[in-house]
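Heads up: the structure comes next, in structure tokens.
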Amino acid sequence: MLEKRTKIISEPLESSLPIRLDLRSWPEVESYLKQCKGVILPIGSTEQHGPTGAIGTDALTAEAVGLELGRLTGIFVTPVQAFGMAEHHLGFPGTMSLKPTTLINVINDLVLSLAQNGFERIFFVNGHGGNIAPLKAAFHQIYSNAINQNLPVASNLRLKLANWFMVPEVFQEARKLYGDREGQHATPSEIALTLHLFPSLLDKHLPLPAPAPVGPINNHQDFRARYPDGRMGSDPYLAKPLHGKILLEIAAKSLSKQLLTFLEES
Ligand code: NI
């Protein structure tokens with residue numbers, strides 16, 4: 001596994017295309033599995049991100065980090081799971097949420113599909129805090145199901161959750177750039193990454209009044225009452241496309257170490 005990865009890493013990759021699972025044929029995937037059992041699965045959310053942020057922010061950022069991570073390591077990347085657990089954002093139009101139990105079952109089915117054909121290491125690059133609890137619950141359900149279904153890979157199956165926005169180096173850079181105005185939702189760091197990926201988003205990137213302060217997250221009606229424009233303590237106007245480029249590089253570089261360690265773990 002290591003030899004093949006080293007070989008892949010040493011090859012200059014001009015784009016992320018070679019590591020996209022959705023652009024590979026099944027014989028190519030079968031051949032890849034003879035060398036490497038690992039895959040990156042980006043997961044985000046489709047939900048409001050304040051009055052100036054894109055609804056797809058969490059999915060777009062997770063996908064970008066996942067693809068950059070794949071490009072750095074040569075590990076295949078699945079299509080992004082763009083829908084997450086966003087029940088608390090349902091007071092805002094455009095939000096599309098999966099209930100916690102639905103998300104657990106979706107992740108269960110996707111991972112078991114991969115595992116059935118030999119994938120043993122699934123590395124989740126997550127872009128949304130609301131997905132963390134359902135993902136952790138799903139992992140335990142999947143481990144049990146893999147054993148109960150007698151999957152050949154059951155004993156070697158390992159699942160890892162990596163939240164790109166919580167990587168210590170990313171967190172430090174966001175603090176350096178934005179201080180307390182990073183906030184907790186519709187943050188300038190995640191918005192900066194979307195501006196880097198899609199410069200047309202600058203058209204709606206406008207100054208905003210002071211946001212509601214960070215506080216608890218309860219039901220979606222309470223959320224909208226507490227945080228009327230959708231932001232939690234953040235000033236996304238501080239975001240610049242160049243920041244997004246830097247944060248993407250920091251996240252992918254840091255996660256590449258985590259991923260390679262994960263692939264070698266027993
Ligand atoms: Ni977000």
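The figures that follow rest on heavy atoms only: side chains count, while hydrogens, waters and symmetry mates do not. Whatever order the structure lists them in is the order used to number ligands and atoms, beginning at 1.
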Problem - Distance-minimising heavy-atom pair for L255 and L69 - result: C-CD1, 3.6 Å
Judged by atom type as modelled, is there a donor-acceptor pair below 3.5 Å linking the side chain of [X] to the main-chain atoms of [Y]?
X	Y	result
T95	F92	yes
S45	D58	no
Y178	A239	no

Problem - Pairwise side-chain contact, T261 with K160, heavy-atom cut-off 4.5 Å (strictly under) - result: no
Fill in the blank from the handout: Atoms listed for the Ni ion (ligand 1) (protein only, N, O or S, under 2.8 Å, no waters) are H49 NE2, D58 OD1, E190 OE1
Problem - Test ring pair (Phe, Tyr, Trp, His ring centres under 6.0 Å) applied to H49 and H185, step by step - result: CA-CA 7 Å; H49 269 76; H185 183 65; 4.5 Å; yes
